[in-house]
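Structure record follows, encoded as structure tokens.
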2 protein chains.
Amino acid sequence: MVAARRSTEVSARVAALCAELGPGAMLPGERELSGRFGVSRATVRKALEELMARRVVERRHGAGTFVRRPAVAQPLMATSFGDDMRRRGLEPSSRLLWWDTVVADTELAGRLEMPGGEAVLRVCRVRLADGEPMTLETLHAPAERVPGLTGEDLEGAASYYDILVTRFGRRIRSGTQSVAPVVLEAHEADLLGVPPGDAALRFVRTSRDQHGEVVERVESLARGDRYLIEMDIMPPRDGAEPVSSGAMP
Amino acid sequence: MVAARRSTEVSARVAALCAELGPGAMLPGERELSGRFGVSRATVRKALEELMARRVVERRHGAGTFVRRPAVAQPLMATSFGDDMRRRGLEPSSRLLWWDTVVADTELAGRLEMPGGEAVLRVCRVRLADGEPMTLETLHAPAERVPGLTGEDLEGAASYYDILVTRFGRRIRSGTQSVAPVVLEAHEADLLGVPPGDAALRFVRTSRDQHGEVVERVESLARGDRYLIEMDIMPPRDGAEPVSSGAMP
DNA sequence: GAGTGGTCTAGACCACGGT
DNA sequence: CCGTGGTCTAGACCACTCA
């Protein structure tokens, strides 16, 4: 792999160093790094700023630069978990917990906008980044729209969105998502590797393909210490209804 | 006003230039600006990066730097708590818990982008809808930018955003917000009228006025049982960083 | 006081876009 | 082609933290 920019190269090498040292560790100084990698200090600083933006490191004026346990920002776009993690320089994977197919009752059929009485594929996975549990996901998909798909297809590094495109010719075009805070139950905390009673975000996402058909409903629990939602906000335009807003159940 | 960093000073002067030239206009080149302001090109670049992050300018490699056109299709809006509640048919109000002014230390001054050592107004309120506590808010505002404002001005049905406009001629133009899940401490739960240990959302919002000046930093705890973020999501646009959407407490 | 990150300078070369 | 932004260097001084 060729790094066009030296700062990107330095960035990657420092990120590797971070992984080696572990969270909380202090990195060598900028001058030391610039010597070690044979680049100027300005380049090292640019690389560190990149890692800063990615929340990999934390800098304290006068003290040093430290490896951070990153809170992963949740982009409010329909990116797959894998793409999301890779963009942060983390290696995504999945651990399949269980899967089955059930017959949709009226409520589930309604949510998936499918006929009642038909089969629904359910897959429960732990999603990991660099081997560390990040979210606990349960996927619901109308079996008619993804014929032949099983839970095993979604093990390891497989991406549901990729499979949707390559096997079924379906592309995600839109979706809605809600987010609420929850306190983790013991078994959930256990699967996520955090203490029970920790805070988490509960995402519920419904996605549609190019035909407007619902192809997934995902309920996902994300560790509160590793997930952070960031958004830009704009003032309301007069007369416009909000495209999105806080709601009260 | 003294700008400690020369890049901040340059930033402000270029922002003024942008306002003068109008949307779509091409700015002078970086070398030209560095000569005009008597700073190095690196400093100009740093200033431009700041304006880039604030979406004031847009740079095109090989072409130039341009004043950004009014944002297209901003998917999301910053409404005040009061407007938000009224839209849901609820009657908003506030209960003032305490207020004071403090001298900004370096960290706070940095967050508010104001000179260190100056005064900051802090106001802590419980926000209610139909008399029921919804959020617990702590507002921070640079006193210089809202002279004479006190906590009492924000009691009852008063809206900070309204006051900003009517008394100080400042309109919210942009902002950023982050959201994380937390577990409520006993005293927080008490103020919100929920059991301790309940889940909540912690919003941290920074808003700017038409001059690009920070006019508030608000930390707000929203009851997890009454607040839910809902958003539309779109597939990622190639190359685009997430300009994301969401909701406000 | 020694070492850290934060800022700035004055120069260089490269990659890209329009004419 | 020329002017633009993008990257990089080698050095300097300042502000901060911590032993």
Atom [atom1] of [X] to atom [atom2] of [N]: distance rounded to whole Å?
X	N	atom1	atom2	answer
B:Met26	C:dT19	CE	P	11 Å
A:Arg6	C:dA15	CZ	P	13 Å
B:Met52	D:dG5	CE	P	11 Å
A:Leu51	C:dG5	CG	P	13 Å
B:Glu32	D:dT4	CD	C1'	13 Å
B:Leu27	D:dG5	CG	C1'	13 Å
B:Leu33	D:dT4	CG	C1'	12 Å
A:Arg45	D:dA10	CZ	P	17 Å

Does a side chain donor of either [X] or [Y] reach within less than 3.5 Å of an acceptor in the other side chain?
X	Y	result
B:Ser207	B:Glu216	yes
A:Arg127	A:Ser94	yes
A:Ser174	A:Arg208	no
A:Thr43	A:Ser40	yes

Do any side-chain nitrogens or oxygens of [X] fall under 4.0 Å of OP1 or OP2 in [N]?
X	N	result
A:Lys46	D:dC8	no
B:Arg5	C:dC8	no
B:Ser40	C:dC8	no
A:Arg59	C:dG6	yes
B:Thr43	C:dT9	yes

Item checked: Neighbour count above 12 (heavy atom, 6.0 Å) for B:Glu144 CD -> no
Check: How about A:Arg167: does its CZ atom have over 12 heavy atoms from other parts shown lying under 6.0 Å from it?
Finding: yes
Margin query: Do A:Ile172 and A:Asp209 have side chains that approach each other closer than 4.5 Å (heavy atoms only, starting at C-beta)?
Written below: no
Item checked: Spacing of CG belonging to B:Leu97 relative to CD belonging to B:Glu137, to within rounding of 0.5 Å -> 11.0 Å
Next item on the list: Please report the shortest heavy-atom distance between A:Leu136 and A:Leu192, naming the atom on each side.
Entry: N-CD2, 3.9 Å
Next item on the list: Compare the minimum distances between each of D:dG6, D:dT7, C:dC8 and the side chain of B:Glu30, then state the nucleotide with the smallest one.
Entry: D:dG6
Check: Quick one, which residues of residues 17-25 of chain A touch DNA chain D with a heavy atom under 4.0 Å?
Finding: none
Item checked: Summary of protein contacts for nucleotides 13-19 of chain D, nucleotide by nucleotide, where a base hit scores B, a sugar-phosphate-only hit scores S (4.0 Å, heavy atoms) -> B-BBB--
